Amino acid sequence: MDQLSGKHIVLGLSGGVAAFKSAELCRRLIKAGATVQVVMTEAAQQFMTPVTMQALSGRPVYLSQWDAREHNNMPHINLSRDADAILIAPASADFIARLAQGRADELLSLLCLARPADRVPLLLAPAMNREMWAHPATQRNLGQVVDDGAHVLGVAHGDQACGEFGDGRMLEAEELTEELIAFLTPKSLAGQRLLITAGPTFEAIDPVRGITNLSSGKMGFAIARAAREAGAEVTLVAGPVHLPTPRGVARIDVQSAEDMRQAAVEHAQLADIFVATAAVADWRPAETAEHKIKKDGSGEVPHLAFVENPDILSEVAHSPRAQSGELFCVGFAAESQDLLANAQAKRARKGVPLLVGNIGPATFGKDDNALLLVDDEGASELPQASKRVLAQQLVAEIARRVSGLAA
Ligand code: CTP
């Protein structure tokens, strides 16, 4: 998917073992639609060759401030002028120290110093040993470069190339790509706290069995990610799903509808937007057996009685904060037919300003979907697209409505 389409990224490598991750990072940025210009310090070339980076980026790599290929012999000026961002990965302790001092005796630090700081952001992905990371000199330098306008991505905690364990690992290529996409996304939900439910619920029959459904949680997770990228502070209440938590999102794992209700009602008190995408089980067994229900050989089957689960969306949407307009609620409707009529009826029943309809069986577990947005002005379609793209479009629709309320 082309989430970085039209973006030009200067990828700078300074010296560190983590440079091996930068090859993958370069590949991912290009796959996401960016053009990538690689610049390497002398130390970086001890860890990764310019040949590899040229092959992956499809462009000659710049290594020296005296590069005569440039018509004016000023690569430090030319390379940054059309960049949407400069990302230094790995950013070594030495390189950060150079930035802090405003050094300009090699191409990469010179380029950072010469960038138009008001329109070309500088992002750093530090990578170093934990003692180097924790050293007051490094922390002092980092503080300085942040004061000077740089943004620091990471670091991660874990095993280090030197055999030690702690802070200082560079983020993985996938994480850095996500961070860069988030960084470059317009902040249409800045300052908003968004709460979202996602996935199925699991209603226990006994300690080994239960009732659930085929919801994968993908749509909800995609919305959580898109909302965070748009600047929202996101809390995701997730039923049992096998999906990684989107970066920067606070996740609360739950099993049953009752657990989900408790988490949602509690966090809704602090939220500005509530999006209910979860496929909450409508009913649960009236009783959960303490021990596994056994076959006794008689051929008799157990008879289960059910009770209705709480309607989380309806409860939150009818709360005083939602009714007063402080909390904007968005519902989903998974239907198998008559999408428009069912979605309109559900919107009225749940009491939400915006209801998003989709054909459930056609989308559960898939990566694509199509959505129908129903509000008091009527219905509009978000045509078939990946859940990622639909999530971004839906976040834009929510942002438009929320900012309309604030205006
Ligand atoms: N929902 C909820 N709690 C429930 C049931 C549904 O919060 N106990 C929310 C869903 O997250 C979704 C919306 O309500 O945003 C509609 O869910 P859906 O399953 O489509 O509808 P139901 O309310 O279950 O109605 P029906 O079974 O009649 O379609």
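Every number for a ligand or one of its atoms is a count from 1 in the order of the listing. On a predicted model such as this, the values are computed, not experimentally measured, just so you know. Sequence positions, counted from 1, serve as the residue numbers for this chain.
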>> For T288 and D206: C-alpha separation, side-chain torsions, deciding distance, then whether side-chain contact (heavy atoms from CB on, under 4.5 Å) applies.
In response: CA-CA 5 Å; T288 305; D206 67 17; 5.5 Å; no
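- Here E203 does not pair with R284 in a salt bridge; the nearest charged N to carboxylate O distance is not below 4.0 Å.
- In the model, T245 has a side-chain atom that pairs as donor or acceptor with a side-chain atom of R251 under 3.5 Å.
- Checking each of E174, E178, E175 against R247 for a salt bridge (charged side-chain N to carboxylate O under 4.0 Å, His left out) leaves exactly one that passes, namely E175.
- Distance from atom 15 (O) of ligand 1 to its nearest protein heavy atom, with residue and atom name: A276 O, 2.6 Å.
- Those atoms of ligand 1 with a heavy atom of G331 less than 4.0 angstrom away are 15 (O).
- With respect to R400 and E377, no salt bridge is recorded, no charged nitrogen being found less than 4.0 Å from a carboxylate O.
- Distance from atom 7 (O) of ligand 1 to its nearest protein heavy atom, with residue and atom name: L313 N, 2.8 Å.
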> Would F165 and H157 satisfy ring-ring contact (aromatic ring centres under 6.0 Å, His included), going step by step from the backbone distance to the final call?
Replying inline: CA-CA 8 Å; F165 185 87; H157 182 81; 5.2 Å; yes
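- In this structure, of K346, E308, E315, the residue bringing a heavy atom nearest to atom 18 (P) of ligand 1 is K346.
- The shortest N or O to N or O distance between A333 and ligand 1 is not under 3.5 Å.
- Polar contact with ligand 1: present for I312 (N/O pair, distance under 3.5 Å).
- The protein heavy atom nearest to atom 4 (C) of ligand 1 is V280 CB, 3.5 Å.
- When only modelled atom types and interatomic distance are considered, T138 and N141 share no side-chain donor-acceptor pair under 3.5 Å.
- Side chains of E258 and N309: no donor on one and acceptor on the other come within 3.5 Å.
- Remark: ligand 1 and A278 share an N or O pair separated by less than 3.5 Å (distance only, no angle test).
- Of all protein heavy atoms, the one lying nearest to atom 28 (O) of ligand 1 is R349 NH2, 4.0 Å.
- In terms of polar-atom proximity, defined here as any N/O pair under 3.5 Å, A281 makes no such contact with ligand 1.
- Atom numbering of ligand 1 starts at 1 in the shown order; those under 4.0 Å from a heavy atom of A334 are 20 (O).
- Remark: the S92 side chain and the D94 side chain contain no N/O donor-acceptor pair separated by less than 3.5 Å.
- In terms of polar-atom proximity, D282 is counted as a contact of ligand 1, with an N or O under 3.5 Å from an N or O of the ligand.
- Remark: ligand 1 and F332 share an N or O pair separated by less than 3.5 Å (distance only, no angle test).
- Applying side chain to side chain contact (heavy atoms under 4.5 Å, CB included) to F332 and the options L313, T197, I223 leaves one that passes, I223.
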> Can you check salt bridge (Lys or Arg N to Asp or Glu O under 4.0 Å) on D375 and R401, steps first, answer last?
Replying inline: CA-CA 10 Å; D375 64 10; R401 286 167 171 82; 2.7 Å; yes
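- The nearest protein atom to atom 1 (N) of ligand 1, hydrogens excluded, is given as K350 NZ, 3.8 Å; this is a heavy-atom distance.
- Ligand 1 has no nitrogen or oxygen under 3.5 angstrom from a nitrogen or oxygen of E335.
- Using 4.0 Å as the threshold, P310 has a heavy atom nearer than that to some atom of ligand 1.
- Heavy atoms of A279 come nearer than 4.0 angstrom to ligand 1 in no pair at all.
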